[in-house]
Participant: 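Can you keep this structure in mind? I'll have questions shortly.
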2 protein chains.
Amino acid sequence: MAGTKLDPIDRRILAELQADGRMTNVELARRVGISAPPCLRRVRTLEEAGYIRGYHADIDPRELGFEVQVFAMVRLHSQAEVDLSAFEQRCRDWPLVRECHMLNGEIDFILKCVAPDLSTFQSFLTEGLTSAANVASVKTSLVIRCAKDEPGVPFDVLEARLSRTA
Amino acid sequence: MAGTKLDPIDRRILAELQADGRMTNVELARRVGISAPPCLRRVRTLEEAGYIRGYHADIDPRELGFEVQVFAMVRLHSQAEVDLSAFEQRCRDWPLVRECHMLNGEIDFILKCVAPDLSTFQSFLTEGLTSAANVASVKTSLVIRCAKDEPGVPFDVLEARLSRTA
DNA sequence: CGCAGTCGCGAAATAATATTGCGCACAGGC
DNA sequence: GCCTGTGCGCAATATTATTTCGCGACTGCG
């Protein structure tokens, strides 16, 4: 099973850093029950192994004047790999698009977008997204409110699975 | 306009910490062009003012054995506030649900879910989500791949807007 | 068994960073 | 022009990060 290469301390470290990425190494070491040097070594190893992709401050878009958040469901004409990649690259170039996930089923892509106001988003939608090559249809839904926004992985589920196997 | 209470240095700090939340204060101060003590004071102020909600390690779910990521589009029978809130609370209690956004339009909620494998997700879908009170329909789409996953806010867009106004 | 190799820990020392206290400079109001 | 509030930088101190080193536990093999 995946995640088995990690021992319980490693998983604990990941869980703690997911919850608070700016925790000092001393505090982290205290929480996971080892001393600081091996704790730091483990963190570095986890970073280099790709378990930790990075650290980010969680900034509220609305506080910064990005009042509008939108999910856009996109359908393309062609699903040839070359065309999929081209669309993905265009999404990477649009700053208002924060996430771009390719899906199975009817919808080819779902995009999470932000914008300062509705008219900015409308401009992007009409002049950018909808008019982009290969785009067949775009359905958008405004986010009214966000009830939950947890990062990453539910470590409690992971631990439960592992203890069941062990 | 929102975000106006922040001066260019504050916005720069937010941008840097969004990109790398574990940057040392010394390095951050160097990048934004002030000395360390006032830089730290600004960070603390931004945290307390709610511009920074927290810091999180960005952990790859797949590396930890969460192979399945799903977007679930949920429609409810009743959109009365009490029923919306009840559904949101249920989402908060489901660890596999990482995000829950209320939308306008046909779909009432979109959920971002993770699971170790498809059967775990199916169980959650049938026994949890679909059979929950007030849920009218659930459409799910598996994430094939993720082309972009940027956190938070596009600061370049923000700066462009502010310079246009100024 | 017993022995060598490997691995990870922790203590101690050192380097770097965070944090506090204080004095100075600038801007706006009177 | 003076006074006050705001925010800076410098210097000192506390805390943390990082390296180095040696020890003990486990494992695989003779």
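Below, chains carry the letters A, B, ... as their sequence lines are ordered, and counting in each starts from 1.
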Participant: Taking the nucleotide of DNA chain C with the closest heavy atom to each, which residue, A/Cys39 or B/Glu27, is nearer the 5' end?
Facilitator: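 Between the two, 5'-proximity favours A/Cys39.
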Participant: Quick one: NE2 on B/His101 to SG on B/Cys91, what's the gap to the nearest 0.5 Å?
Facilitator: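 Reported to 0.5 Å precision, the distance equals 10.5 Å.
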Participant: Over all strands shown, is B/Arg44 touching base, sugar-phosphate only, or nothing at heavy-atom distances under 4.0 angstrom?
Facilitator: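 Here B/Arg44 touches the backbone only, sparing every base.
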Participant: Using a 4.0 Å heavy-atom cut-off across all strands, classify A/Thr24 as base, sugar-phosphate, or nothing.
Facilitator: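 Result for A/Thr24 = sugar-phosphate.
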Participant: So what is the end-to-end bend of the helix from C/dC1-D/dG30 to C/dC30-D/dG1, with 5 pairs used at each end and the value given to 10 degrees?
Facilitator: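 The angle, to the nearest 10 degrees, is 30°.
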Participant: How many Å lie between CG on B/Leu28 and C1' on C/dA16, as a whole number?
Facilitator: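 The answer, rounded to whole Å, is 16 Å.
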Participant: Of the nucleotides C/dG10, C/dT17, D/dG9, which has the atom closest to the B/Arg41 side chain?
Facilitator: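 Given the options C/dG10, C/dT17, D/dG9, the side chain of B/Arg41 is closest to D/dG9.
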Participant: So that I can tick it off, tell me whether B/Lys139 and B/Glu106 are bridged by a salt bridge, with the cut-off set at under 4.0 angstrom between side-chain N and carboxylate O.
Facilitator: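 Looking at B/Glu106 and B/Lys139, the cut-off is not met.
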Participant: How close or far is atom P of D/dT6 from atom CD1 of B/Ile34, stated in whole angstroms?
Facilitator: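 Result: 17 Å.
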Participant: Round to the nearest Å and state the distance from B/Arg30 atom CZ to D/dG9 atom C1'.
Facilitator: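 The answer, rounded to whole Å, is 18 Å.
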Participant: Would you call the rings of B/Phe87 and B/Trp94 parallel, tilted or perpendicular, taking 30° and 60° as the class edges?
Facilitator: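 B/Phe87 vs B/Trp94 ring planes: perpendicular.
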Participant: Look at B/Arg31 together with B/Glu27 and state whether they make a salt bridge at an N to O cut-off of under 4.0 Å.
Facilitator: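 Here B/Arg31 pairs with B/Glu27 in a salt bridge, since their nearest N and O are under 4.0 Å apart.
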Participant: Of all the heavy-atom pairs spanning B/Pro116 and B/Thr120, show the shortest one and how long it is.
Facilitator: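 The pair with the smallest heavy-atom distance is CD-CG2, 3.7 Å.
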Participant: Do you know the tightest heavy-atom contact between A/Cys113 and A/Phe121?
Facilitator: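 The answer is CB-CE1, 3.9 Å.
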Participant: Separation of A/Asp7 atom CG from C/dC7 atom P, in whole Å?
Facilitator: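 It is 15 Å, rounded to the nearest whole Å.
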Participant: Rounded to the nearest Å, what distance is computed from the CG atom of residue B/Leu40 to the C1' atom of nucleotide D/dT16?
Facilitator: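 Taking CG of B/Leu40 and C1' of D/dT16, I get 13 Å after rounding.
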Participant: What nucleic acid atoms does B/Arg42 come within less than 4.0 Å of, heavy atoms only: base, sugar-phosphate, or nothing?
Facilitator: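 The residue B/Arg42 makes sugar-phosphate contact but no base contact.
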Participant: Rounded off to whole Å, could you give me the CG-to-P distance for the B/Asn25 and C/dT17 pair?
Facilitator: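 Spelled out: CG on B/Asn25 to P on C/dT17 is 10 Å.
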Participant: Would you kindly give the CE-to-P distance between B/Met23 and C/dA16, to the nearest whole Å?
Facilitator: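 Answer to the nearest Å: 19 Å.
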Participant: Please write out which residues are connected to B/Ile110 in a hydrophobic cluster, directly or through intermediates, given that two of Ile, Leu, Val, Met, Phe, Trp, Tyr count as joined at side-chain heavy-atom separations below 4.5 angstrom.
Facilitator: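 Members other than B/Ile110 - counting any ILVMFWY side chain reachable under 4.5 Å - are A/Phe71, A/Met73, A/Leu103, A/Ile107, A/Ile110, A/Val143, B/Phe71, B/Met73, B/Leu103, B/Ile107, B/Val143.
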